[in-house]
Each structure stands twice: as C-alpha cells, then as structure tokens.
S.K.: 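Below is one structure. I have some questions about it.
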Protein chains: 2
Amino acid sequence: MNVTIKDVAKRANVAPSTVSRVIADSPRISEKTKRKVREAMKELGYHPNFIARSLASQTAQVIGIVMPSSAEQALQHPFFPEVIRGISKAAHEKKFALQMSTGEKEEEIYEEVVEMLQGRRVDGVILLYSRVNDKLMKYLLRHDFPFVVIGKPHQRAEQITHVDNDNYRIGKETTQYLLGLGHERVAFIGGNETYLVTADRLLGYKEALEEAGLIYRPEYVVYEEFLQKANQEEMKKLFSLDEPPTALVVVDDLLALDVLKLLDELNLRVPDDISLVSFNNTLLADMARPPLTSVDIHIFQLGYEAAKNLIEKVANPNEPVKRIIIPHKLVKRFSCDYV
Amino acid sequence: MNVTIKDVAKRANVAPSTVSRVIADSPRISEKTKRKVREAMKELGYHPNFIARSLASQTAQVIGIVMPSSAEQALQHPFFPEVIRGISKAAHEKKFALQMSTGEKEEEIYEEVVEMLQGRRVDGVILLYSRVNDKLMKYLLRHDFPFVVIGKPHQRAEQITHVDNDNYRIGKETTQYLLGLGHERVAFIGGNETYLVTADRLLGYKEALEEAGLIYRPEYVVYEEFLQKANQEEMKKLFSLDEPPTALVVVDDLLALDVLKLLDELNLRVPDDISLVSFNNTLLADMARPPLTSVDIHIFQLGYEAAKNLIEKVANPNEPVKRIIIPHKLVKRFSCDYV
DNA sequence: GTGAAAGCGCTAACAA
DNA sequence: TTGTTAGCGCTTTCAC
C-alpha cells in the first residue's frame with residue numbers, strides 16, 4: 001500500500017510518534033532528528049494521510065460552502081462565483097480546503113449539511129444566503145457548530161457571526177445620488193422580496209425620499225425575479241404610469257441588464273431618457289452598454305471575511321460573535337444623468 | 001463525545017459490525033435486525049462519521065475540482081460556474097461531495113492536488129482546463145489516479161478520459177454560417193493562444209475559408225486575453241486595415257462583450273456594419289445588446305459528463321478510457337446580418 | 001527529546 | 001444471519 005508514518009519511522013530509526021511530531025514541526029524535537037526524518041520522508045515519497053489525521057485529531061481542515069436552495073440555480077448568478085473567490089482566497093491562506101454543497105432543494109441541503117458536519121467532513125460552514133426562518137441555521141445554532149452567514153440573519157443576528165453590507169445606507173445613498181441629479185421620480189426595482197437585502201435597501205430608499213420631502217409611491221416599487229424573462233409585466237406597468245419614473249434603482253447588475261433590455265424595447269434610452277444605478281458592480285456593470293453606474297458592495301471581500309472569521313472560530317471556539325460590515329462604494333459610469 | 005456505532009450497537013443489542021452492515025444496507029442482515037438498529041440510531045441521533053469510514057474503507061466519496069492556475073481569476077469567467085453546476089448535479093446524484101482547489105499559481109495547485117489525492121481526501125479529480133505540457137496531468141497519469149479532463153488533453157489524449165466539444169467542427173460551421181451570409185472578410189478573435197480550444201477552432205475556421213475558395217489572411221487572426229481592457233491594440237489594428245473584416249468569429253461571450261464595447265467606440269454597429277458570432281451562449285450572450293448569436297457548447301453538460309464518468313471510474317478502476325464529445329448548437333440572435 | 005501504546009470510529013475478513 | 005477482531009494511519013497522553 002502507501003507509504004505511512006511507520007515506514008518513515010523505520011527508515012529514520014525513530015518511533016512513529018516522532019515522525020508525527022516532525023510533521024507538526026513540534027519544538028520538542030531536535031533539529032537533527034527533524035532533518036533525519038524529513039530526509040526519510042523525501043526518500044520514500046511520503047505524503048500524510050489527511051483522513052487518518054482528521055480522525056485522530058478530530059478536525060478536518062475543511063470548510064463547507066452552503067449555497068441557497070438550488071446550488072444549481074445560484075451559480076448562474078455572478079454573485080456566487082465572486083463570493084467563492086473571496087472564500088477561496090482566505091481558505092487558501094489558512095490552508096483550509098473547500099467543500100461545496102450540491103443539494104438542490106432546501107430540505108436536501110439541510111440533510112447534506114448535517115451529514116457534512118456530523119460526519120466530520122467539515123469543521124464549519126459558510127451560508128451564502130440569509131433566509132427568513134431557516135431550519136438549517138437553527139440547527140447549527142442548537143448544535144453549536146461553527147458557522148458564518150453572509151448577509152444579515154433574520155433572527156438572533158446578535159448571536160451569529162455574519163458579514164454584510166450596510167444595505168440601509170446603500171439604499172439611502174444611492175437614492176440620494178439620484179435625487180441629487182435632480183430626479184424626483186425614482187423607482188426601486190428589487191429582486192426576490194423575501195431576502196433581507198432587498199428589504200433593507202428599500203428602507204434606505206424610503207428614508208432618502210422622506211428626507212428630501214418627497215412622497216413614497218408604492219407603485220414605484222417593483223419586484224422582479226432574477227433570471228426570469230417572463231414576468232416583465234410589473235415593469236411595463238411602471239412605465240405606463242401617468243408619471244413614469246425618470247430614474248431607477250435596480251438592486252442587482254444582472255437584473256439591471258434585463259431592465260436595460262426592456263427599456264430598449266420600450267424605446268427608452270439610458271441615460272438620456274432614464275437614469276439607472278445598479279448594485280454589485282460585477283463585470284457585467286462594466287460591460288453593459290451604457291456601462292452602468294453601480295454600487296460596489298465588494299463581494300469578494302464579503303467572502304474573504306466570512307472565511308477568515310469562520311476559520312478563526314474553528315480554531316478558537318471562544319471567539320466572540322462578530323458582525324462585520326463591508327464598506328461599499330458608488331462607481332460612476334454612464335447610466336446616470338441630470339434629469 | 002459523539003454517538004458512535006458502538007453506542008448504537010449496545011442500544012440495539014447487536015455487534016458494531018452489524019450496525020455497520022445496516023448502514024450499508026447489507027442484504028445479509030434480517031429486516032428485523034435492521035429495524036431494531038435503525039430505531040436505535042434514531043433514538044440516539046446517530047450520524048455516521050465519514051472520516052472514520054473513509055479511513056477504514058479507503059475511499060472518500062469526494063471528487064476534486066481543479067481550476068486552472070488562479071482559481072481566483074478563473075471564477076471571474078462565466079464558464080467555470082457553469083461547468084461546476086454540471087459537476088455539482090452529477091455529484092449530487094451519485095452522493096459524492098465536491099472539493100475545490102484554491103491554489104493560485106500552477107505550482108501551488110500542483111502541490112495542493114497531490115496532497116488532496118495522496119492525503120486521500122478525494123477519490124479523483126476533474127481538470128477544468130487543458131494546458132500544454134501540464135505537470136499535474138503527468139503526475140496523475142504516472143500515479144494512476146482517477147481523473148477526467150474537460151477539453152482535449154494535449155498529450156496522450158487516447159489514454160485520458162476527457163469531455164470535449166468538437167471544436168474543429170464548431171470553428172468550421174460557425175465560419176461557414178458567416179460565409180453563407182455573404183461575408184468574405186471574416187476575422188477570428190481568439191482568447192489565450194495556448195489553449196487547445198482556440199487552436200482547434202482556428203483550424204476549423206481556416207478549413208471553412210479554404211473550402212469556400214477564400215484565402216486565409218493571418219492579419220485577420222487576433223488573440224485577445226479575456227478580462228483585460230488594456231491590450232486592445234491588436235483589435236484596433238484589425239479595423240484600420242485597408243480591408244477590414246465585415247464579420248467576426250469571437251471565441252467567447254465575455255470576450256465578445258469586450259469586442260462589442262470596442263466596436264461601439266469605433267462607431268461600428270452590430271450587425272449593420274459588422275456581424276459577430278461568439279461562443280458559449282452564456283447568459284451574457286442573451287443580455288448583450290444586440291443579443292449575440294452564439295454557439296452553445298453546453299457547458300453544463302460538459303461538467304455533468306465529466307463528473308459522471310469520473311465517478312464511474314472511481315467505482316470501477318477498469319472502466320475503459322473514454323472520449324466524450326458534447327454536441328454544440330448555433331443559437332441565432334441578432335448580431336449577424338447579410339453583408 | 002523520544003518512545004510505547006491507546007484510541008479516533010469505522011469496515012471487512014474470518015468465525016461461528 | 002451475526003459476532004469477533006484486526007486493522008485503516010494518524011495524534012496524543014504518559015513514561016522515561
């Protein structure tokens with residue numbers, strides 16, 4: 001079979017435990033012995049067996065990535081690869097491996113993650129979503145498994161380490177930017193209504209209007225699902241209002257592309273006829289025509305911080321709960337103009 | 001500590017091995033015993049320890065995904081999330097978990113994958129790239145580790161199970177489509193020169209020209225790196241030729257968006273002034289304006305088949321080497337017109 | 001500074 | 001059909 005610690009021990013004329021200590025670079029082993037052992041490892045082409053190590057040490061050095069229901073769908077959205085990039089970076093730095101959930105439905109994912117953790121395959125998980133009343137989150141909390149959520153937990157946020165943006169402020173500032181350009185009829189195009197991000201940004205949007213002395217019009221708020229061509233009804237309704245908006249706050253780049261397309265069909269030109277600012281500042285924003293003014297929420301950093309903090313928590317279970325707010329930044333391009 | 005197989009055994013008044021057999025649903029255990037054991041598992045809240053199982057059974061039930069140098073960069077390209085989606089689907093069906101490489105440089109990734117495999121963390125890997133003279137591939141071959149590559153291996157392709165498109169035909173048919181529209185000055189915009197995909201498609205492109213009795217002009221072939229704004233020199237040169245092309249074969253949607261942008265700057269309109277067909281048919285193609293005619297290479301399926309075949313190979317090491325060609329399809333939208 | 005030995009939780013050969 | 005037992009390859013007390 002394979003070269004094991006015992007083979008190395010024999011070759012180096014030491015005990016297996018000594019080899020183990022050399023692997024861990026224990027300070028209690030003499031340099032001379034270390035050299036000898038390392039040489040033996042080289043000669044034999046030894047590679048430590050992670051699995052055996054995991055079993056003995058009760059730690060996997062692996063973190064799990066939990067996608068929202070339907071990993072399959074999620075990956076269609078540029079947000080996810082980008083968070084994963086950040087996670088990957090941090091994991092790599094700390095020498096942790098990455099495991100991804102593959103489940104498609106909520107219940108499946110729940111089972112899968114439970115097995116991951118109970119099966120000791122991963123030391124902790126990062127939830128890439130924050131859903132209302134999430135069964136999995138409760139389970140993690142109850143069993144005291146290390147986890148971090150990206151976004152704001154709906155319940156017990158103060159007990160859960162999470163990495164988020166200040167979505168209220170984002171919504172507010174973005175709206176204010178548009179108001180500052182002279183727009184008074186600003187509409188809000190949200191994604192899925194049940195996500196907290198949307199709700200928070202909407203709150204900021206309302207606040208900005210109020211502070212500016214403008215009234216909030218419910219008919220100016222539209223929820224369009226991402227990645228769906230079909231239900232553009234709401235959007236069309238928006239533009240057949242007596243007083244259609246002159247500016248749009250669109251909650252996501254991908255959605256913004258959809259919107260752009262629709263506006264094109266309606267013969268509305270951006271930014272001449274209508275201004276638009278979107279969020280996330282993914283590659284899409286830059287590649288759209290016109291290039292979109294977009295709020296960079298630093299997705300990569302969201303992932304990076306999530307992984308970093310999860311790993312800290314795994315290493316030290318007493319690590320206090322943290323709430324990490326990643327700064328955002330409005331990136332101006334060419335989709336906004338004075339009214 | 002945690003509930004183990006022994007606890008369950010005690011509770012159910014059987015031997016640990018019996019419990020183990022129940023987990024594996026061995027047919028040699030009576031239904032009655034199974035029931036009894038399963039009940040005990042429920043009562044105690046037992047979850048099998050994967051790590052222990054892996055160690056004992058010498059199999060991890062995990063497949064590794066190897067990104068090209070710089071996982072970090074790669075994930076910026078929509079191709080990767082999409083293959084991963086496919087891989088995820090197949091893995092999920094076969095109850096395999098997914099582990100991703102996190103390394104950034106080629107050498108790092110090499111080390112990482114070697115540790116993954118030697119450390120028995122994964123049973124096999126999928127290479128999401130095919131590079132000339134790849135050190136890792138040689139290693140895998142030499143050590144007889146199960147692996148599958150997406151794309152065409154540069155060397156010993158006949159010894160390596162791989163999943164690919166017929167890129168030669170793709171290049172040829174695409175060019176023919178443009179020729180059929182009356183274009184005689186068709187340029188080829190490739191990505192990274194060292195990838196085999198590009199080379200194969202270029203071959204097809206040349207062949208199409210030849211068959212049509214047109215001469216191949218080297219100045220009509222341009223390599224532009226993906227995701228780089230800087231080096232647009234080559235492209236600009238292309239359009240300052242005495243006889244600039246009237247149609248473009250662009251090797252990738254993302255690149256096509258870049259090209260679109262550049263054309264815009266040059267005041268060339270698609271498809272009026274210039275026709276363009278791109279590849280991959282990602283969401284981008286549909287969202288670009290104009291929506292791009294693009295060759296769907298079925299990225300999802302590439303991933304799906306790769307994972308499926310890898311898992312088969314892991315289950316049965318004698319599985320013969322396979323070459324799987326995924327069909328492609330030209331999806332017509334609005335970026336091409338008669339000359 | 002190093003060795004001996006127990007044990008992590010499971011599987012699988014061999015017995016019965 | 002089920003039990004006994006010896007590992008899988010490593011870490012980690014506890015000795016010395």
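Residue numbering restarts at 1 for every chain, and letters A, B, ... go by the order of the sequence lines.
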S.K.: Rounded to whole Å, please give me the gap between CG in A/Leu44 and P in D/dG9.
M.R.: 14 Å
S.K.: In this structure, how many angstroms lie between the C1' atom of D/dA6 and the NZ atom of A/Lys6, rounded?
M.R.: 11 Å
S.K.: Taking salt bridge (charged side-chain N to carboxylate O under 4.0 Å, His left out) as the definition, give me every residue that meets it alongside A/Glu319, ordered by chain and number, with sequence neighbours left out.
M.R.: A/Lys322
S.K.: In this structure, how many angstroms lie between the C1' atom of C/dG7 and the CD1 atom of B/Ile5, rounded?
M.R.: 16 Å
S.K.: Roughly how many Å is it from CD in A/Gln118 to P in C/dG9, rounded to a whole number?
M.R.: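 Computing the A/Gln118:CD to C/dG9:P distance gives 12 Å.
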S.K.: Just to confirm, is there a sub-4.0 Å distance from OP1 or OP2 of D/dT12 to any side-chain nitrogen or oxygen of A/Ser57?
M.R.: no
S.K.: So do the side chains of A/Val66 and A/Leu128 get within less than 4.5 Å of each other, counting heavy atoms only?
M.R.: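 Result no, sub-4.5 Å side-chain heavy-atom pair not found.
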S.K.: Between B/Gln58 and C/dA12, is there a contact of a side-chain N or O with OP1 or OP2 at under 4.0 Å?
M.R.: no
S.K.: Given that A/Arg53 and B/Ser30 both sit by DNA chain D, which one's nearest nucleotide is further toward the 5' end?
M.R.: B/Ser30
S.K.: Report the residue (A/Ala56 or B/Thr33) whose heavy-atom-nearest nucleotide on DNA chain D is the more 5′ of the two.
M.R.: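 It is B/Thr33, whose closest nucleotide lies nearer the 5' terminus.
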S.K.: Looking at every non-hydrogen atom in both residues, tell me the closest pair between A/Val321 and A/Gln159 and how far apart they are.
M.R.: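 Heavy-atom minimum between the residues: CG2-O, 3.5 Å.
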S.K.: Atom CZ of A/Arg35 and atom C1' of C/dT2: how far apart are they, to the nearest Å?
M.R.: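 Nearest whole value for this atom pair: 17 Å.
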S.K.: At less than 4.0 Å, is any side-chain N or O atom of A/Arg28 found next to OP1 or OP2 of C/dG1? Yes or no.
M.R.: no
S.K.: What are the two closest heavy atoms between A/Ile311 and A/Ala90, and how far apart are they?
M.R.: CD1-O, 4.2 Å
S.K.: Could you state the CG-P distance from B/Asn49 to C/dG9, rounded to the nearest angstrom?
M.R.: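 Rounded to whole Å, this separation is 7 Å.
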S.K.: Indicate the atoms forming the closest heavy-atom contact of A/Arg121 with B/Ala97, along with that distance.
M.R.: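 Where A/Arg121 meets B/Ala97 most closely, the heavy atoms are NH1-CB, 3.3 Å.
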S.K.: So if I take residues 12-27 of chain A and measure heavy-atom distances to DNA chain D, which residues fall below 4.0 Å?
M.R.: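 Heavy-atom contacts with DNA chain D come from A/Ser17, A/Ser20, A/Arg21.
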S.K.: For A/Ile29 and D/dT12, give me the distance from atom CD1 to atom P, rounded to whole Å.
M.R.: 13 Å
S.K.: Who pairs with A/Tyr110 by ring-ring contact (aromatic ring centres under 6.0 Å, His included), at least two apart in sequence or on another chain?
M.R.: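 Residues passing ring-ring contact (aromatic ring centres under 6.0 Å, His included) with A/Tyr110: A/Tyr139.
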S.K.: I need the CD1-C1' distance between B/Ile51 and D/dT11, as an integer number of Å.
M.R.: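 Interatomic distance, CD1 of B/Ile51 to C1' of D/dT11: 15 Å.
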S.K.: Counting only N and O atoms by type, is there a donor-acceptor contact under 3.5 Å from the side chain of B/Asn316 to the main-chain atoms of B/Glu312?
M.R.: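 The answer is no, because no donor-acceptor pair under 3.5 Å joins these two groups.
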